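What follows is a single structure, written as structure tokens, with notes after it.
A quick note: this is a predicted structure, and the numbers were derived from the prediction, not measured. Letters A, B, ... are given to chains in the order of the sequence lines, protein chains preceding strands, and every chain is numbered from 1.
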Amino acid sequence: MNKLLNEIKSNRNENRIVKCDVPYDISIDDKYKRQKNHNIPNLSESTLLRHFTNLSRRNYSLSTTFYPLGSCTMKYNPLVNEKIAKFEEFSSIHPYQPEDTIQGTLEVMYELERGLCEVSGMDYFTLQPAAGAHGEYTGLLIIAEYFKNKKEKRKKIIVPDSAHGTNPASAALAGFEIISLKSDENGIVSPENLKEILNKDVACMMLTVPNTLGVFEKKISEISEILHKNGSLLYYDGANLNAVMGIVKPADIGFDVMHINLHKTFSTPHGGGGPGAGPVGVKAFLKDFLPIPVIIKENDKFKVSSGGKKKSIGKMKAFFGNFPVLLKACAYIKSLGGAGLKEASEQAVLNANYVLSSLKDKVSIPAGNVCMHEFVLSSKGHLGEGVKTLDVAKRLLDYGYYAPTIYFPLIVEEAMMIEPTETESKQVLDEFIDVLSKIIEESKINPEVLRNAPVNTYVSRLNEVEAARKPKLHW
Amino acid sequence: MNKLLNEIKSNRNENRIVKCDVPYDISIDDKYKRQKNHNIPNLSESTLLRHFTNLSRRNYSLSTTFYPLGSCTMKYNPLVNEKIAKFEEFSSIHPYQPEDTIQGTLEVMYELERGLCEVSGMDYFTLQPAAGAHGEYTGLLIIAEYFKNKKEKRKKIIVPDSAHGTNPASAALAGFEIISLKSDENGIVSPENLKEILNKDVACMMLTVPNTLGVFEKKISEISEILHKNGSLLYYDGANLNAVMGIVKPADIGFDVMHINLHKTFSTPHGGGGPGAGPVGVKAFLKDFLPIPVIIKENDKFKVSSGGKKKSIGKMKAFFGNFPVLLKACAYIKSLGGAGLKEASEQAVLNANYVLSSLKDKVSIPAGNVCMHEFVLSSKGHLGEGVKTLDVAKRLLDYGYYAPTIYFPLIVEEAMMIEPTETESKQVLDEFIDVLSKIIEESKINPEVLRNAPVNTYVSRLNEVEAARKPKLHW
Amino acid sequence: MNYIPVNEQDRKEMLSRIGVNSIEELLSLQIPEYLRAKKLNLSEGLSEQDLLALFKKYAGKNKSNLVCFRGAGVYDHFVPSLVEEIVGRSEFSTAYTPYQAEASQGTLQAVFEYQSMICELTGLDCANASMYDGATSVAEAVLLAVRTSRKNKIIISSALNPEYLAVVETYTKNLDIEIVKIETDEKTGALNKNVLESKMSDDIGAVVVQSPNFFGVVEDMQALSETAKTKAALFVTVVNPVSLGILKTPCEYNADIAVGEGQVFGNQMYLGGLTFGFLAVKKALEWKIPGRVVGQTVDKNGKRGFVLTLQSREQHIRREKATSNICTNSALNAFAGCVYMSCLGSSGIKELAETNISKARYAFNAIKKLDGFEPLFSDSFFFNEFIFKTAKNIKKIEKALLKENILGPLNLGAFNKKYKNSLMFAVTEKRTKQEIDKLTDILNRA
Amino acid sequence: MNYIPVNEQDRKEMLSRIGVNSIEELLSLQIPEYLRAKKLNLSEGLSEQDLLALFKKYAGKNKSNLVCFRGAGVYDHFVPSLVEEIVGRSEFSTAYTPYQAEASQGTLQAVFEYQSMICELTGLDCANASMYDGATSVAEAVLLAVRTSRKNKIIISSALNPEYLAVVETYTKNLDIEIVKIETDEKTGALNKNVLESKMSDDIGAVVVQSPNFFGVVEDMQALSETAKTKAALFVTVVNPVSLGILKTPCEYNADIAVGEGQVFGNQMYLGGLTFGFLAVKKALEWKIPGRVVGQTVDKNGKRGFVLTLQSREQHIRREKATSNICTNSALNAFAGCVYMSCLGSSGIKELAETNISKARYAFNAIKKLDGFEPLFSDSFFFNEFIFKTAKNIKKIEKALLKENILGPLNLGAFNKKYKNSLMFAVTEKRTKQEIDKLTDILNRA
Ligand SMILES: Cc1ncc(COP(=O)(O)O)c(C=O)c1O
Ligand SMILES: Cc1ncc(COP(=O)(O)O)c(C=O)c1O
């Protein structure tokens with residue numbers, strides 16, 4: 001049953017998909033012609049359905065289990081949004097259709113933009129970026145362009161050491177040098193530390209609020225003031241926006257540019273690694289630098305505008321962005337409404353604090369006893385002999401849970417980052433708390449069990465070192 | 001994780017589905033009003049998705065495993081047919097819509113009728129019966145009505161002892177007495193035996209061809225002649241039609257009435273127990289007795305006709321029949337075409353014979369060394385001490401196969417009825433043959449393993465006796 | 001085109017193991033030549049794309065997605081996305097009847113949950129896994145009542161859905177069962193307890209009443225049930241499960257058997273072809289019911305599990321003595337009902353019923369105000385369906401509505417001359433205020 | 001409306017364990033009052049039914065399901081039902097990036113199979129799990145080439161899709177990379193080997209060529225690759241995977257990097273929003289590629305399994321020194337590509353390419369016969385896209401076609417004045433003879 005596609009033999013005779021109803025006309029000059037045949041098996045539909053259906057059963061997923069993966073906001077992905085995204089009226093649209101034939105599609109994008117502006121407080125959004133990292137990159141290019149336009153040479157970006165890896169990576173890609181800023185044990189940035197490293201080279205600082213430890217940056221106003229006084233900008237990594245919808249607007253508290261992960265806060269499913277969408281919002285003074293095209297509304301008609309945007313950073317992706325993701329996010333906003341979005345964030349905070357309160361006596365919580373929508377615990381000193389956070393994570397799989405994010409943020413030793421999200425019930429959280437507590441006990445009584453975990457999964461612990469040492473990357 | 005719905009607690013606050021946009025107006029006289037609230041939990045969509053998705057993972061199904069369930073024709077259910085069945089143009093139709101607004105729906109039914117007529121050789125079909133047994137019942141009522149109309153009192157029906165249980169049950173429901181006919185060890189009916197029990201009381205005989213042992217009734221012409229000479233009719237239980245599409249037409253070989261299980265031969269999925277469809281075909285002389293309404297074509301328009309059918313047996317089901325099933329069956333016929341249907345039957349016969357040939361030295365095959373689309377083996381005398389066919393079936397589950405039909409037909413001891421269908425590959429069959437052979441060996445070396453099987457399923461062997469002794473039928 | 005995963009090379013190897021040269025040889029070994037069929041005269045097979053195009057063409061010949069004010073047994077209710085998602089999962093849809101319980105716990109537990117919710121809804125003790133549809137469930141209930149009471153005379157309300165009545169007549173025609181119909185009151189459209197009383201006698205096995213009845217009128221089930229019980233007849237009720245969110249339950253008025261059509265719970269209309277009948281009974285009748293039943297049990301290790309049970313009632317064991325001939329039922333449609341009920345929950349089902357009644361009343365009151373429309377039963381209590389008599393041209397009304405993509409009320413005259421000029425409206429929770437206002441407006445202008 | 005499965009009672013218990021009286025208190029402990037937002041000014045939440053109605057309204061404003069003869073980067077190919085069925089399974093769609101390998105073998109094996117088939121198709125040795133789209137995959141290929149060659153001057157064909165070119169420009173603008181464009185031949189629409197030769201020098205890190213290029217013309221990749229290699233530049237090809245069923249593979253002409261847009265494999269058009277970029281390289285570049293890569297390994301018991309590997313290239317480990325900033329990619333779209341490729345198999349992909357070319361040639365030959373239409377590049381070899389110059393009124397043509405629900409050819413003049421009066425047609429396997437004939441007919445009459 002455990003076959004790779006190329007090990008299956010179910011040779012069909014004919015192709016049911018493709019049929020040619022014009023005369024075959026395929027003479028090709030040899031210099032253009034493929035010589036070697038590829039080796040992709042010709043399997044029947046029945047065989048493939050079984051193959052892939054069985055593969056699906058080897059995945060844990062949000063639809064089968066609690067998925068407390070910190071920083072990833074694995075909240076429920078409403079089915080009705082999937083249904084809407086399948087409407088042929090949306091799926092069959094070519095990107096170069098005339099504007100007046102795609103008014104519905106454009107309206108959806110326009111409405112989403114307006115919704116994101118309201119939630120974030122930003123003045124404009126581009127929907128083009130394909131993911132969070134792509135959004136960061138877009139935002140930083142906008143910032144670079146802004147300074148270029150002001151003829152200021154600012155080549156540096158401050159990134160706290162608690163930041164997600166994409167923050168420095170995006171900054172580098174945008175041509176910046178990174179200044180790493182040490183945060184305190186709560187991941188909090190101290191204005192004093194900031195002042196120390198700040199200078200006229202600094203284009204901006206990237207921040208996540210709440211930060212990757214789930215802590216709200218209380219001194220954000222001070223930080224913003226310091227940066228803006230220095231002529232620097234403040235970038236908001238929106239990965240944690242699920243903590244603050246309707247509670248705090250990034251633009252209000254000093255941020256100039258931000259991205260939003262629609263595949264997190266706005267509930268579009270993650271697809272096992274994408275596609276997501278990372279719309280970027282800016283304050284009005286940065287509007288001209290947004291990627292093209294932009295969608296505008298004129299006399300109740302929606303238009304695609306690419307021209308006259310001399311200052312734009314250009315294009316980040318072909319065409320308009322990951323439209324089905326945008327569509328689902330728009331549907332999400334419309335279905336929850338303003339009150340629903342706020343309730344979502346509030347419940348996310350409540351759920352995280354409930355789990356934190358229930359675990360705080362069993363592990364260390366470096367950032368203290370309250371949190372926003374997620375928190376980071378350290379298992380150091382709380383586990384049995386030789387047992388690591390990794391082992392706890394694997395053992396959780398045995399109990400039917402996906403594991404929390406581990407070893408991130410880097411500033412917490414043996415970190416485990418738990419984000420329950422608002423769409424989990426008290427019963428689910430209670431059972432998870434019990435299991436995690438039980439595993440911690442187990443680690444002391446029977447550490448081997450953890451080190452040998454998982455045993456209930458389709459495969460037992462996999463050898464990652466060997467995989468990288470002798471890479472086997474295709475069949 | 002193993003919760004019943006009523007054990008889950010994920011109480012949502014509000015209902016997302018129903019919304020009332022007119023003033024609430026619900027005053028009801030107490031004598032009409034429900035007093036006690038029912039106890040169906042109010043769970044969130046996310047919770048329910050997880051609950052039912054996890055339940056789905058506790059099923060073996062055709063989409064995950066080989067399903068050699070004899071007599072049930074578990075062939076591949078093409079996905080495109082499912083897609084067609086979802087078209088809103090079909091799903092949103094009310095049964096009392098005016099004829100001219102449902103021409104497409106009627107055309108599909110008409111085309112299906114024509115297709116079934118061509119495959120079976122019958123002259124007319126009704127699509128109303130909801131399943132095979134319902135079709136039998138319909139067919140027998142037609143026969144009863146026919147004799148009533150002829151003013152002949154024929155109250156008996158001959159059913160071979162190898163027949164499916166629904167045959168006698170349907171006959172009883174239609175008001176007939178059953179004469180059981182002993183068949184030979186191949187399940188074959190001998191003309192001599194038949195003659196012995198035949199008399200003027202006999203309305204008809206029910207036969208399956210090939211019979212439930214997968215044997216083609218070679219003397220069918222003789223049998224038909226005997227019966228017809230006696231003024232009796234011949235009923236064809238179409239459950240095994242998958243053996244003979246394009247090879248033999250039931251009407252040609254002497255049958256007067258028949259049903260077809262669309263959920264077997266015509267590839268509509270079985271849904272864990274239905275809905276199916278059991279269209280009934282008749283020769284022209286029985287046309288007037290068909291259930292109403294019937295669909296007719298006049299000047300390229302399709303019409304629903306109920307009137308003027310005085311002789312009709314009436315209605316078997318409200319409205320028209322299980323339309324989505326009919327639709328899928330029609331799509332199946334259109335996609336395979338005449339040649340494809342014949343290929344399907346031929347391959348079904350080949351696959352069955354291949355498995356038979358490969359197993360014949362390891363078990364008894366009472367009906368001999370060739371078969372049509374399925375065959376019955378007897379494990380008697382071939383298994384280890386105290387091991388039964390049931391145990392072999394359960395052990396097959398451990399290897400990831402659904403079990404063949406067991407203990408049917410009743411005339412074979414320790415029967416196991418294997419129908420591979422045409423949509424399984426040689427590789428799948430080879431592996432199944434190996435596993436079954438291995439299990440037979442295992443039964444001798446380690447009978448306990450079989451008696452304790454299954455162990456790899458979600459639950460181990462279930463206590464059916466206890467279930468019936470103290471029935472617990474709801475939570 | 002076919003779905004066969006075997007190519008020429010495989011076929012050769014397979015034939016060689018069997019020891020024949022061709023499939024044809026295999027066939028000719030078994031089937032006399034003179035019995036063989038000629039080439040099937042069917043059109044050529046189609047590719048997936050062409051097949052879709054063909055059925056899009058058929059589909060395009062329907063006038064579909066109409067705003068539906070028509071009911072009479074099949075209703076246009078909203079189906080939540082969850083239902084489609086779950087019911088569409090191939091592990092459910094491509095499994096057979098769960099003969100191997102250990103490999104079918106998904107289906108079996110779901111049926112158990114379905115049975116439980118039907119019991120909750122009706123208040124009765126035992127529900128089967130499903131019948132084909134509402135009509136056949138009534139017919140089977142009649143047979144069950146005859147079997148249980150050992151009396152073959154059954155009183156049935158003439159306000160039973162006429163499709164159901166027709167099926168009952170078919171089912172009973174050869175079985176020496178006498179159906180006695182009782183008429184509803186001309187004024188109220190409801191049964192009159194006294195009329196029933198006058199027909200009751202000791203040889204009546206059961207009284208079968210539908211409520212809301214075919215005319216949409218809610219019956220006084222308490223009174224009728226009590227009347228039936230005076231002569232020890234079983235009381236069989238045919239109910240719309242949506243109405244049970246608010247109306248008295250079969251249990252509350254002491255019914256013995258409750259049956260009905262489940263399409264309203266999570267199944268699209270499909271020409272009335274996506275149906276399931278539910279059938280629930282009091283404990284005493286448990287061993288007599290037709291069809292599959294799932295029960296709870298334990299496995300070898302004491303873990304809870306579910307199996308098909310009470311099987312000795314069934315055709316595969318008892319053959320001609322079975323409680324029914326049913327084998328394949330409407331499992332997947334009943335499963336849709338299961339997911340639907342769980343999706344709404346008790347409070348949602350109550351809201352559903354309340355919304356239906358509120359919208360129906362809103363529409364009723366609006367139409368009542370129009371010139372040329374008069375309620376057929378002015379003071380009766382209806383649920384989500386009601387009848388108006390009109391002096392206007394019914395054909396013209398239907399046309400005017402269809403032009404606006406509205407499937408208007410059913411012309412009852414087509415069923416029964418007695419109801420000439422009568423239009424039956426169904427208003428479910430799915431109809432918006434705007435749609436109802438538009439209907440009213442067109443009726444007014446017609 | 002919300003999706004929260006917690007009611008007031010639960011909430012109270014939770015707050016009490018935390019030791020606060022309200023969520024508000026929890027927030028005020030952490031967020032200074034003056035930072036708090038005012039009430040969101042968004043419309044009220046909608047029920048599922050109303051939400052569907054709203055989006056049906058939006059949907060209705062599109063002119064959709066057009067018979068599409070437009071390409072230029074996004075193509076209207078047939079998507080088999082199998083793809084939708086599999087990709088729609090929630091175990092795939094609702095999983096995160098497979099960080100916990102043991103609980104993600106479904107996704108991981110699928111990616112491994114995807115990588116394998118991309119390698120088969122291109123003939124190269126290593127493919128990543130996907131990039132966002134074709135455009136960003138070209139951009140990442142340029143960065144990879146710079147990284148590998150340690151030269152920051154890159155030659156790019158000006159016949160690269162202009163959207164891709166724009167993205168490459170954005171990606172390189174702050175990185176001290178010089179893009180040198182080379183023009184195609186006016187007559188043939190293809191690159192001229194000699195022109196490339198004249199631009200080659202030792203400081204060129206790579207040559208980037210698209211084939212079929214933006215104009216639909218198939219390049220002489222062998223010659224161009226050889227030319228690039230004379231100066232030890234990397235040869236980067238941008239290919240339409242459909243064409244690889246019949247055209248020379250990147251491996252065969254010795255490309256180092258092959259990238260392209262995967263939408264054509266199993267993804268609907270969606271305004272160009274359901275994309276994935278594929279990226280394949282020679283073995284030597286394995287450790288330098290951007291993005292996720294899945295590798296085969298074994299578990300504790302020696303059983304085969306799959307993991308994310310070569311991770312030390314990536315941002316979560318190497319941060320600013322990573323080979324790319326990419327994290328979330330286009331996994332599910334690439335998975336659709338995986339299912340699509342497996343659904344066709346080698347022979348199916350070949351037939352697909354042959355059908356595309358046959359239908360495109362059929363259309364080309366038909367249009368060529370019309371008055372007022374002349375091929376822009378008369379003797380060039382095209383795959384499924386070609387250009388005609390016309391004297392007719394392009395606006396009028398577009399209108400006439402749209403009236404018949406045909407999305408006609410792309411007006412190249414809108415991209416580049418140089419191509420005024422030029423129409424680019426894409427003809428995939430999905431277009432039927434009948435549709436092509438209708439197109440031709442309307443063009444003729446316009
Ligand atoms: C804090 C943070 N920033 C950025 C990202 C990158 O987002 P994406 O994966 O969508 O590119 C993530 C995602 O994991 C994140 O958690
Ligand atoms: C030989 C035979 N006859 C009749 C039937 C009854 O068909 P259904 O289950 O569709 O009512 C079956 C189904 O199992 C069967 O195998």
Side-chain angles (χ1 to χ4, degrees), chain A residues 15 20-22 25-26 38 40 42 52 55-56 58-63 84 87 89 91-93 95 101 103-104 130-131 133 165 168-170 172 175 178 216 249 269-276 314-315 318-319 323 335 337-338 340 346 354 357 425-426 457 459-460 462 467 472 474-475, chain D residues 2 5 10 14 18 23 30 37 40 42 44-45 55 58-59 61-64 86 89-91 94-95 97 102-103 105-107 116 119-120 132 135 163 166 170 174 268 271-273 295-297 299-300 305 309 315-316 319-320 322 325 328-332 345-346 348 354-355 358 361-362:
Chain A
N15 192 317
C20 195
D21 62 355
V22 303
D25 182 1
I26 55 165
H38 25 81
I40 299 175
N42 297 314
F52 287 115
L55 275 192
S56 78
R58 298 180 199 155
N59 261 9
Y60 286 26
S61 70
L62 195 54
S63 72
I84 288 168
F87 288 176
E89 293 94 329
S91 68
S92 67
I93 297 298
T101 68
Q103 286 294 304
S170 299
I178 285 80
F216 192 88
K249 295 188 183 185
H270 198 271
K315 287 192 74 82
F319 315 111
F323 180 73
S335 64
E346 289 177 339
Y354 182 66
S357 295
S425 68
K426 178 171 175 298
T457 43
V459 289
S460 64
L462 289 161
K472 174 157 177 57
H474 64 81
W475 63 45
Chain D
N2 65 45
D10 295 334
M14 294 168 80
I18 298 167
I23 299 181
Q30 304 181 74
L40 291 180
L42 291 169
E44 249 191 55
F55 280 83
Y58 291 144
K61 294 181 184 174
N62 282 348
K63 201 167 162 64
S64 54
I86 296 299
R89 282 187 65 87
S90 62
E91 293 95 324
T94 73
T97 301
E102 296 83 2
Q105 286 299 297
T107 294
S116 300
C119 288
E120 287 294 335
Y132 303 131
E163 300 260 354
T170 309
N174 293 341
Q268 306 281 4
L271 195 78
Q296 183 177 315
T297 186
D299 76 359
K300 280 200 159 189
T309 192
Q315 46 74 27
H316 61 287
R319 298 179 78 84
E320 64 266 28
N325 70 331
T328 295
N329 52 45
S330 291
L332 202 67
S346 289
E354 290 171 350
T355 305
S358 298
R361 284 177 180 184
Y362 175 82

For chain D, the option from A/C20, A/P275, A/P269, A/G175 that forms the most heavy-atom pairs under 4.5 Å | A/P275

Smallest heavy-atom separation, D/T94 atom then A/S63 atom, equals OG1-N, 3.1 Å

Assert top hit (heavy-atom pairs under 4.5 Å, partner chain A, pool D/G45, D/A166, D/S116) equals D/S116

Atom group of D/I18 that falls short of 4.5 Å from chain A, counting heavy atoms = both

Backbone N/O of A/G274 and side chain of D/N329: donor-acceptor pair under 3.5 Å = no

Give, as side chain, backbone, both or neither, the part of D/E102 having an atom under 4.5 angstrom from any heavy atom of chain A.
-> both

Residue pair A/V459 / D/G305: nearest heavy atoms and the distance that separates them | CG1-CA, 4.4 Å

A/S91 OG to D/L271 CG distance, which is reported to the nearest 0.5 Å = 11.5 Å

Between chain D and each of A/S92, A/G273, A/P168, count heavy-atom pairs under 4.5 Å; write down the option with the most.
-> A/G273

Between D/T170 and A/K315, is there a donor-acceptor pair closer than 3.5 Å when you use the side chain of the first and the backbone of the second?
-> yes

At their closest point, which heavy atom of D/C119 faces which heavy atom of A/H474, and how far apart are they?
-> SG-CD2, 3.7 Å

Under a 4.5 Å heavy-atom cutoff, which of D/G295, D/G345, D/A95 has the most pairs with chain A?
-> D/A95

Taking all atoms of both residues into account, what is the closest heavy-atom pair of D/E91 and A/S56, and its distance?
-> CB-O, 3.3 Å

Against chain A, work out which of D/E354, D/K61, D/E120, D/K300 has the most heavy-atom pairs shorter than 4.5 Å and name it.
-> D/E120

Tell me, side chain or backbone of D/T97 under 4.5 Å from chain A's heavy atoms, or both, or neither?
-> both

Out of D/Q268, D/E163, D/Q296, which one racks up the most heavy-atom pairs below 4.5 Å with chain A?
-> D/E163

Under 3.5 Å, is there a donor-acceptor pair between the D/S358 and A/D25 side chains?
-> no

Name the option with the most non-hydrogen atom pairs under 4.5 Å to chain D; the candidates are A/Q103, A/K426, A/K249, A/E346.
-> A/K426

Within the distance-only criterion (no hydrogens, no angle test), does the side chain of D/S346 pair as donor or acceptor with the backbone N or O of A/H38 below 3.5 angstrom?
-> yes

Between NZ on residue D/K63 and OG1 on residue A/T101, distance to nearest 0.5 Å = 8.5 Å

Looking only at heavy atoms, what is the nearest atom pair of D/N325 and A/S170, with distance?
-> ND2-OG, 2.9 Å

List the atom of D/G272, the atom of A/P95, and the distance in Å for their closest heavy-atom pair.
-> N-CD, 3.7 Å

Under a 4.5 Å cut-off applied to non-hydrogen side-chain atoms, are D/N62 and A/I93 in contact?
-> yes

For residues A/E89 and D/Y58, determine if any side-chain heavy atom of one lies less than 4.5 Å from a side-chain heavy atom of the other.
-> no

Have A/H270 and D/T328 got a donor and an acceptor in their side chains that come within less than 3.5 Å?
-> yes

Using non-hydrogen atoms only, which part of A/I178 is less than 4.5 Å away from chain D: side chain, backbone, both, or neither?
-> side chain

D/Y362 portion near chain A, given a 4.5 angstrom heavy-atom threshold | side chain

Of the listed residues (D/T309, D/D10, D/T297), which shares the most heavy-atom pairs with chain A below a 4.5 Å separation?
-> D/T297

Against chain A, work out which of D/L40, D/D299, D/L42, D/L332 has the most heavy-atom pairs shorter than 4.5 Å and name it.
-> D/D299

Nearest 0.5 Å please: distance from the OH atom of A/Y354 over to the CE atom of D/M14.
-> 6.0 Å

Could you check which of A/S357, A/G314, A/G271 has the highest count of heavy-atom pairs closer than 4.5 Å to chain D?
-> A/G271

